[in-house]
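What follows is one structure encoded as C-alpha cells, with my remarks underneath.
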There are 2 protein chains.
Amino acid sequence: MARPTIDDIARRVGVSKGAVSFALNGRPGVSEATRARILQVAEEMNWRPHTAARALGGARAGAVGLVIARPARTLGVEPFFAQLLSGLQAGLSAQSVALELLVVEDTEAEIEVYRRWASEHRVDGFILVDLKVRDTRVEVVEGLGVPAVVLGGPGRHGSLSSVWADDREAMLSIADYLAALGHRRIAHVAGLPTFQHTQRRMRALRDSARRLGLAEVSSLPTDFSDAEGAATTRMLLSRPRRPTAIVYDSDLMAVAGLGVAGEMGVAVPGDLSIIAFDDSVLTRIVHPALTALTRDTFALGTEVAESLLAIIAEPGLRRDRRTPTPRLAVRESTAPPALAG
Amino acid sequence: MARPTIDDIARRVGVSKGAVSFALNGRPGVSEATRARILQVAEEMNWRPHTAARALGGARAGAVGLVIARPARTLGVEPFFAQLLSGLQAGLSAQSVALELLVVEDTEAEIEVYRRWASEHRVDGFILVDLKVRDTRVEVVEGLGVPAVVLGGPGRHGSLSSVWADDREAMLSIADYLAALGHRRIAHVAGLPTFQHTQRRMRALRDSARRLGLAEVSSLPTDFSDAEGAATTRMLLSRPRRPTAIVYDSDLMAVAGLGVAGEMGVAVPGDLSIIAFDDSVLTRIVHPALTALTRDTFALGTEVAESLLAIIAEPGLRRDRRTPTPRLAVRESTAPPALAG
DNA sequence: GCCGACTACTAAACCGCTCTAGTGACTGGG
DNA sequence: CCCAGTCACTAGAGCGGTTTAGTAGTCGGC
C-alpha cells in the first residue's frame, strides 16, 4: 500500500476525515475512545502527514530559512559557520523543524530569496546573519511579515528579534589584558568594515586606547580571508616600529598571522603576542596554541533556533537575547612584550 | 494585496485558471499572444508559485535532503563538509532546488528521517554520505523508491547512483611517492574503520607495502578527531623505531600531528614527513605547509547535485560518476628521510 | 415533556495548483 | 456541405490535509 491518507484511516475506523484530523492533532471534538482507536489505526498503517497538504491549509511549513551571502567557496573554511549550523540544527530538530539552507552571491540575491521563500510559503521564519552597518535586509524581512531572528546586536535591527553577544565588552577585556601585560603598540587585523560587529570592535579598541593611554593602536580592515590576514600581518611586522601584539578578528586570520610570524622569524609570544577574536580547534591545534576569545558558537546556534521557534509560535513577540560575553582563554601566544619595546 | 494566486491572474487576464497554469509552465495549450499577456500580468502582480500547492498535486517538492549522522559538535571542524555543502548548493540552486539539511546522532535516527521525509513528500531525493562498510541505509533508501545519490564507491551501494573518487589509486600514489623519496617506515593514521573509504585506503597501503617491499607499514584507526590524531602521533613518535613518514586520513588530524611533532622536537620534514589525505586552507596555513592530496571538494558537491537532479528528472536512470583522482600537492612537509633511518 | 446546552461527530468548503476531459470555433479534405 | 481534426481554451476534479457549519443524540432542569 502506498502512502495512507487520513481518508484511508477514516474509512478503516469508520469515521469522517474531520474526526481523524481532530484526533491526530490532539484537538477536542472526539471522544477519548475514538481518539485512541484512530491513533492506533494511524500507527498500524504507518501514517505520516503530508507536509505540503498541511502547508496548503495555511499551516506551518515546518522549516526555517538561512540564507548566507558569501562566495560559496569561502564558506567551507569558516569554523564559525559550521559550528553555528550544528547548533541551529540541534535547536530546530528538537521540534523537528528543518533548516533550509541557501548560499548566494550577494545581498541582493539574498533578499530575492527571502521574497521568494516567503511568497512560496516554503519557510516559517528566517535567520539573518552577517548584519551590515546599514542593512537593507532588515527592512525587507520586516515588510514580508515573516518571523525572523537577527544574529547580532544590540540595536539596529528594527522590530526583529535578535540574539547577540557583547563584542564591545569582549574587545575591552582584550585591551585591558594586553595593557596589563605591558603592551603599548597593539594592532587589530579587523574584518570587513561593512559589518556591524567589525565597527563595534574597532570603536571599542579606539576607546580603550584613549582610556588606557595606549600610544599606537590601529585597526586594519580585511576581507576575513587567510590571505589578507597574512598580508596584513606581513605589512605590520615589516614596519620599523612593529606592534608587540596583534588582535585578529577571526581564528583563521590569527593562524595565518602566526604562520607569517614564523616565516619572518618573529617569536611568538616572545616578540609578538597574538590573540584571536574567535575560537575553534584551529587555535588549539597550532603551536604555540593561541590565546583566544572563546564563546560557545554551538550554544549560540541553539539559542537562535529557540528564539526563532518561540517567535514563530507566538508572532508579534519580540525577544532580544544577549548571550554570555566571550571570555578570554589564555594559552601560549600571549606574554609581556620584550623589554626593548 | 496579499499573495496573488493564479486565480487572480486568470480573472485579471480574463481567462481560466488552467490557461494560466499552462502559460506559466511553458506547456502547450495557449496561444503565444495569450501566454505573453499572462506572463506579463503575472510579472506585474509579482506572482510566485506556492510550493506546497504544487507539491500537493504530486509534483516535485523542490528540495533534496542531506542527513548527516555525526555528533553535531564535530561537524563544525570538518572543512570537507562545509566545502561539499557549498558545492551542493551551487549545483542545486542552478535549478532553484533547496537543500534540506539535518544533523542527527546516529544511523538509526538518520534512517528514521529518510522514512519521514519520504512519506511527507518533503524532498525529491537524498544524498547519502559517509558510506559504511555494510550500510543499512542503502537498502532502506532503495526501498523507499526515492531517487538518491551515494557519495563514495565504487560498488557496494545497490541500485543507487554514486559519485566517487578513487581512494585506492590516491593512496597508491602516496605510497609510491614516499617510497621514491626513500621512506621505508610509513605509518597511516586512519579514520573510522567502519567507513568504506577508510578500509579501501588501508588495503591500498598494505598492497603497496607488499609490492614495494616496504618493511614497516601500519594503519592505525582513529575517530577522525584532532585529539585522537594527536594522541596516535604521540604514540608513533614515542616508539624506539619511529616512522619516517606519516599519512593522515584528514587534514585536521595532519595538522594536529604536526603540532605534536613540534612539541616533541621532531623536525618536519627533516625527521618526519607528513602527508594529509585531504586538503583545505588548514594545510596551507601552517608551517611548514603540508603536502596533501588535493581534490576539488566544491566541484565534488556540484557533481553530486547534478547527478541527483538528473536522476530526479529521469527516475530509473542510474549514473555512476567517477571524479578525478585526487592529486598530490607537494609542499614543505615531505622530504627524503634522515640518513640515520 | 419540552427546551436548551453540550457532546461527538459528519459533510463539505477551502487552500493553490495541476491536469484531464470536454467544448466551441475554425480549417481542410472528400 | 459535412465531418473529422486541430487549436485554444474552460470547467472541474483531485492532491491531503484543516476547519467551519451543521446535525443527531444525550442529558439536566424545571
Side-chain angles (χ1 to χ4, degrees), chain A residues 1-39 41-42 45-63 96 116-124, chain B residues 1-39 41-42 45-63 96 116-124:
Chain A
M1 163 129 196
R3 255 182 148 296
T5 71
I6 55 165
D7 228 1
D8 298 325
I9 301 177
R11 248 195 307 278
R12 184 117 140 211
V13 178
V15 294
S16 69
K17 278 189 351 174
V20 174
S21 178
F22 289 145
L24 292 170
N25 291 292
R27 222 167 288 255
V30 281
S31 66
E32 272 318 309
T34 312
R35 181 188 306 275
R37 175 110 185 77
I38 290 172
L39 288 178
V41 170
M45 301 181 80
N46 195 29
W47 175 87
R48 296 295 152 74
H50 191 306
T51 42
R54 274 204 172 142
L56 191 51
R60 300 278 145 72
S96 37
R116 200 174 72 226
W117 283 3
S119 63
E120 287 177 350
H121 269 206
R122 196 185 263 279
V123 297
D124 301 319
Chain B
M1 164 132 195
R3 254 183 150 296
T5 71
I6 56 165
D7 228 0
D8 299 325
I9 300 177
R11 250 195 307 278
R12 187 118 138 211
V13 177
V15 293
S16 70
K17 280 188 348 174
V20 175
S21 178
F22 290 144
L24 291 171
N25 292 293
R27 222 167 287 257
V30 280
S31 66
E32 274 317 308
T34 312
R35 182 189 305 275
R37 175 110 187 78
I38 289 172
L39 288 177
V41 171
M45 299 179 83
N46 195 28
W47 174 88
R48 297 296 152 75
H50 192 305
T51 41
R54 274 205 171 143
L56 190 50
R60 302 278 143 72
S96 37
R116 199 174 72 226
W117 281 4
S119 63
E120 286 177 349
H121 269 208
R122 196 186 262 279
V123 296
D124 301 318

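A, B, ... follow the sequence lines: proteins, then strands. Residue 1 opens every chain.
Using a 4.0 Å heavy-atom criterion, one finds that Arg35(B) contacts no nucleic acid atom at all. Contact annotation for Pro28(A): no contact, since no heavy-atom pair falls under 4.0 Å across all strands. Counting any heavy atom pair closer than 4.0 Å across all strands shown, Val15(A) reaches sugar-phosphate atoms only and no base atom.
Rounding to whole angstrom units, CH2 of residue Trp47(A) and P of dG16(D) are separated by 12 Å. Whole-Å rounding puts the Arg27(A) CZ to dA8(C) C1' distance at 16 Å. The separation between Met45(A) atom CE and dG16(D) atom P is 13 Å, rounded to whole Å. At whole-Å resolution of the value, CZ in Phe22(A) and P in dG17(D) are 15 Å apart. Rounded to an integer number of Å, the gap from Ile6(B) CD1 to dC9(D) P is 15 Å. One atom, CG of Asp7(B), and another, P of dC19(C), lie 17 Å apart when rounded to the nearest Å. When rounded to the nearest whole Å, the span between CZ of Arg54(B) and P of dG16(D) equals 18 Å. Atoms CG (Leu24(A)) and P (dT19(D)) sit 13 Å apart, rounded to a whole Å.
Over its full length, the helix from dG1(C)-dC30(D) to dG30(C)-dC1(D) turns its helical axis through 60°, comparing axes from the five pairs at each end and rounding to 10°.
The shortest distance between the side-chain N/O atoms of Ser21(B) and the OP1/OP2 oxygens of dC17(C) is not below 4.0 Å. In terms of phosphate contacts, Ser16(B) brings no side-chain nitrogen or oxygen within less than 4.0 Å of OP1 or OP2 of dC9(D).
For a distance-only test at 3.5 Å, the side chain of Lys17(A) qualifies as a donor-acceptor partner of the base of dG17(D).
Nearest nucleotide to the side chain of Thr5(A), out of dC17(C), dC9(C), dG16(D): dG16(D). Listed nucleotides: dA8(D), dG17(D), dT10(C). Nearest to the side chain of Ser31(B): dA8(D). Residue Ala53(A) has its side chain nearest to dG16(D) when only dT18(C), dG16(D), dT10(D) are considered. Nearest nucleotide to the side chain of Leu56(B), out of dT10(C), dG17(D), dC15(D): dC15(D). For Val30(B), taking side-chain heavy atoms from C-beta onward, the closest of the listed nucleotides dT19(D), dT10(C), dC9(D) is dC9(D).
By the 4.5 Å heavy-atom criterion applied to side chains, Asp8(B) and Lys17(B) are not counted as neighbours. Side chains of Leu24(B) and Trp47(B) form a contact here, defined as non-hydrogen atoms less than 4.5 Å apart. Using a 4.5 Å heavy-atom threshold, the side chains of His50(A) and Ile6(A) count as separate. With a 4.5 Å cut-off on side-chain heavy atoms, Val15(B) and Ile38(B) count as touching.
The shortest non-hydrogen separation linking Arg35(A) to Pro28(A) is NH2-CA, 4.2 Å. Contact detail for Ala55(B) and Ala52(A): the closest heavy-atom pair is CB-CB, 3.6 Å. Closest approach of Arg122(B) and Ala63(A) over heavy atoms only: NH1-CB, 4.1 Å.
Where Gly18(B) and Ala52(B) meet DNA chain C, the nucleotide closest to each residue was compared, and Ala52(B) sits on the side nearer the 5' end.
Taken to the nearest 0.5 Å, the OG1 atom of Thr51(A) stands 11.0 Å off from the CG atom of Leu56(A).
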